[in-house]
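This report concerns only the one structure given below.
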There are 2 protein chains.
Amino acid sequence: MAASTLTEVARLAGVSPATASRVLNGSARKPGKDITERVRQAAESLGYIPNAQAQGLAKSSSGLIGLIVHDIADPYFAAIARGVQEAAREQHKMVLLATTGGGPTEEREAVAAFAARRADSIVIAGSRSCRTEDQDGNAELAAELDRYCRNGGQVAVVGHPVVGATVQEGYHVVRVPNQELARRLAAELAAGWDGDFVIVGGPEGLLTSDDRVRGFQEGLERAGRPQAEVLRTAFNRSGGYDAGLQLAGRIKAPGSGEAAPKLCIFAVNDVMAIGTAAALRAEGLRIPRDAAIAGFDDIETLRDFRPALSTVRLPLEDIGRLATRATRGRPDGEEGEEAAPGAVTGEVTLRRSTEAA
Amino acid sequence: MAASTLTEVARLAGVSPATASRVLNGSARKPGKDITERVRQAAESLGYIPNAQAQGLAKSSSGLIGLIVHDIADPYFAAIARGVQEAAREQHKMVLLATTGGGPTEEREAVAAFAARRADSIVIAGSRSCRTEDQDGNAELAAELDRYCRNGGQVAVVGHPVVGATVQEGYHVVRVPNQELARRLAAELAAGWDGDFVIVGGPEGLLTSDDRVRGFQEGLERAGRPQAEVLRTAFNRSGGYDAGLQLAGRIKAPGSGEAAPKLCIFAVNDVMAIGTAAALRAEGLRIPRDAAIAGFDDIETLRDFRPALSTVRLPLEDIGRLATRATRGRPDGEEGEEAAPGAVTGEVTLRRSTEAA
DNA sequence: GCTCATTGGGAAAGCGCGTTCCCATTGGTT
DNA sequence: AACCAATGGGAACGCGCTTTCCCAATGAGC
């Protein structure tokens with residue numbers, strides 16, 4: 001990777017490197033018209049491409065935004081990534097991608113790697129965990145982030161603050177009203193469904209999942225309904241599938257003497273909901289005839305799924321964008337107080353999958 | 001972004017920067033045991049993180065892999081990205097992401113940006129285009145890539161070579177047998193379907209789309225079937241939807257005197273197929289009763305779609321991995337001739353959506 | 001006991017660029 | 001005509017690190 005350098009350009013144009021730099025890479029001082037032209041031509045003819053590493057070194061700022069996701073192939077993260085990417089383009093920066101599988105240890109490594117590259121800011125998407133087994137990892141992640149921020153880095157986290165983080169200088173959180181939205185979803189579902197509710201949740205300690213579970217239960221309570229049973233499983237399609245199999249068994253072979261239960265299943269995200277639905281179908285059950293089902297996120301690719309999935313629409317792309325912008329400081333020139341990052345809102349979207357028979 | 005530097009660590013440990021460097025960042029020379037330990041401790045206590053920019057500058061290699069996709073939120077690209085990401089991790093490199101929307105101009109810019117960052121290699125996913133309107137853009141893209149390669153960069157392209165590229169030093173192509181697979185798909189479909197075939201293709205000139213169309217026609221021909229009509233539309237869901245509407249009209253209101261045609265629709269990718277299916281359904285038609293439909297790619301998220309979509313399974317993640325590895329030179333130690341990158345193969349997968357009534 | 005290879009550490013020269021400081025021209029004042 | 005401010009260009013340093021080169025100290029070999 002040895003391209004032509006600024007010095008070479010300068011020599012060819014018969015000027016000093018300083019002048020060439022002023023011409024080619026925006027500086028306060030503008031050299032004379034003729035010189036400018038000469039340098040431009042020299043650069044052109046040599047195919048000069050400025051070395052961003054050297055530039056970064058010299059002005060200590062890299063033009064890089066680090067993005068941390070669990071899995072880029074998961075449509076949830078892919079959607080957020082699109083938003084981040086877009087915002088990055090606005091800022092004339094590039095996105096550095098790290099996928100971690102969700103473990104705080106890998107996340108810590110990713111943050112360190114970003115810090116090493118002197119990324120200007122870091123966006124962390126993906127549910128925080130407060131499971132005890134992640135405790136140490138979280139602490140180290142928090143420490144790493146603190147250090148990064150103290151060194152002037154900007155961090156934005158989607159959803160929840162990193163457990164244990166203490167710095168707030170340059171530390172932003174894009175809050176997602178998971179709990180409230182789940183509550184509203186429960187309320188609307190309760191209005192049109194008189195059977196029981198079951199929740200298919202992620203592992204306990206996954207904050208996003210927990211919020212949605214809690215909100216849903218609150219919604220049921222306010223609607224005067226009994227609390228729903230909570231099945232804990234993996235936070236992905238296959239987790240949903242497993243839960244679906246279990247539920248299908250229960251629906252097809254109810255306890256002796258009971259009638260088949262009329263179940264409305266709330267899976268805490270769309271991908272799990274699809275998995276659950278697939279399992280029910282594989283067991284010969286139909287939706288919503290034999291069981292209703294709802295998800296959360298309103299993943300774009302899944303909107304053509306039939307029966308159309310009731311869910312909560314989350315503006316994932318906006319979320320990515322907001323998070324990225326939050327790291328920018330105030331929006332363009334304005335000075336305002338930490339420029340409220342435009343609260344994220346969602347929308348309960350009832351569709352066919354929860355229509356009463 | 002000012003963290004502690006190697007010099008500071010060295011001073012604290014009471015050694016020279018050279019020694020500190022040797023200790024902390026792998027070097028051929030290993031300093032003595034006690035010194036090593038002293039430096040380690042100093043680094044630890046200062047929370048030293050090496051400046052990758054400076055390292056890159058000094059050894060002119062950045063540890064960066066550039067990935068170019070049309071749209072990271074498209075599950076096709078997201079799957080490839082996952083593979084790239086994995087392979088990057090193997091190589092202890094980070095992935096720099098650029099989304100271009102598919103235009104050669106944006107792709108050229110992305111390549112230039114990667115070159116500026118001195119990315120060690122670049123992976124380009126996404127269909128090449130040979131439309132006349134893209135001609136100039138392609139030429140410039142090719143020129144940019146040539147330059148990048150001449151400077152020692154490694155490039156891997158998924159699918160087709162960039163139109164007009166001339167260098168082959170460090171220029172790799174992961175070929176995808178789109179044509180052959182489409183041919184096989186047509187053959188298998190023809191065996192079980194006696195109605196007409198229609199192809200919903202992308203804009204003419206999109207190489208991937210063209211290959212699949214051509215292959216499918218070949219397959220029909222070899223099966224003794226007449227060529228299929230080709231509908232040109234956008235290479236995404238909404239393009240598929242539009243085509244679906246059009247076809248629905250034709251199925252519901254056949255020309256006077258004709259019977260409703262028995263159509264088998266081949267959409268050149270899964271996302272388009274889903275769009276087409278959605279349109280048919282919106283028009284009150286059922287699949288496969290009123291029309292059969294098949295796609296291409298076998299996108300993971302779409303596998304739970306009902307009726308299950310007939311398609312061609314493409315190992316997208318592997319493709320990303322292979323492309324990334326191809327840029328690495330020979331696999332680990334081995335010297336072999338350009339180490340054949342393990343040909344990509346796919347698999348025709350017939351499912352419910354094309355079952356004869 | 002002396003020489004010679006070897007080891008282990010430091011000094012210094014870059015890597016490519018931005019930027020500060022300094023110097024040589026100008027053009028305009030009184 | 002002499003002087004000063006303004007303008008435009010260059011020399012040189014620093015960003016943080018790697019790496020070559022050099023030197024001192026050690027051990028082996030005769």
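So you know, we letter chains A, B, ... as the sequences are listed, proteins then strands, and number each from 1. Being a predicted model, the structure only gives us computed values, none of them experimental.
Closest of all the heavy-atom pairs between B:Gln85 and A:Thr99 is CG-OG1, 3.2 Å. The shortest non-hydrogen separation linking B:Ile68 to B:Ala110 is CD1-CB, 3.8 Å.
Formation of a donor-acceptor pair under 3.5 Å by the A:Arg118 side chain with backbone atoms of B:Gln53 is not found in this model. At distances below 3.5 Å, at least one donor-acceptor pair connects side-chain atoms of A:Ser45 with backbone N or O atoms of A:Ala42. With hydrogens and angles ignored, the 3.5 Å screen pairs a side-chain donor or acceptor of B:Tyr148 with a backbone N or O of B:Ser121.
Between its opening and closing five pairs, the helix from C:dG1-D:dC30 to C:dT30-D:dA1 changes axis direction by 60°, a value rounded to 10 degrees.
Within the 4.0 Å cut-off from OP1 or OP2 of D:dT18, at least one side-chain nitrogen or oxygen of B:Gln55 is found. For D:dT18, one of the phosphate oxygens OP1 or OP2 lies less than 4.0 angstrom from a side-chain nitrogen or oxygen of B:Ser21. Taking side-chain N and O atoms only, B:Asn25 has a distance below 4.0 Å to OP1 or OP2 of D:dT18.
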For nucleotides 5-12 of chain C, print each protein N/O atom paired with a nucleotide N/O atom at under 3.5 Å, atom names and distance only.
| unit_1 | atom_1 | unit_2 | atom_2 | d |
| --- | --- | --- | --- | --- |
| C:dG8 | N7 | B:Arg29 | NH2 | 3.4 |
| C:dG9 | OP2 | B:Gly32 | N | 3.1 |
| C:dG9 | N7 | B:Arg29 | NH2 | 2.1 |
| C:dG9 | O6 | B:Arg29 | NH1 | 2.6 |
| C:dG9 | O6 | B:Arg29 | NH2 | 3.0 |
| C:dG10 | OP2 | B:Ser16 | N | 3.1 |
| C:dG10 | OP2 | B:Ser16 | OG | 3.2 |
| C:dG10 | OP2 | B:Thr19 | OG1 | 2.4 |
| C:dG10 | N7 | B:Arg22 | NH2 | 2.9 |
| C:dG10 | O6 | B:Arg22 | NH2 | 3.2 |

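The side chain of A:Thr5 lies closest to C:dC17 when the candidates are C:dC17, D:dC17, D:dT18.
Atom CZ in B:Arg117 sits roughly 14 Å away from atom C1' in C:dC17 (whole-Å rounding).
Applying side-chain contact (heavy atoms from CB on, under 4.5 Å) to A:Glu8 and the options A:Thr5, A:Leu12, A:Leu6 leaves one that passes, A:Thr5.
At a threshold of 4.5 Å between non-hydrogen side-chain atoms, the residues B:Thr19 and B:Arg38 do not count as touching. In this structure, the side chains of B:Arg117 and A:Gln55 stay at 4.5 Å or more apart for every pair of heavy atoms.
Among the atoms of the strands shown, only primed sugar atoms or phosphate atoms (P, OP1, OP2) are found under 4.0 Å from some heavy atom of A:Leu6.
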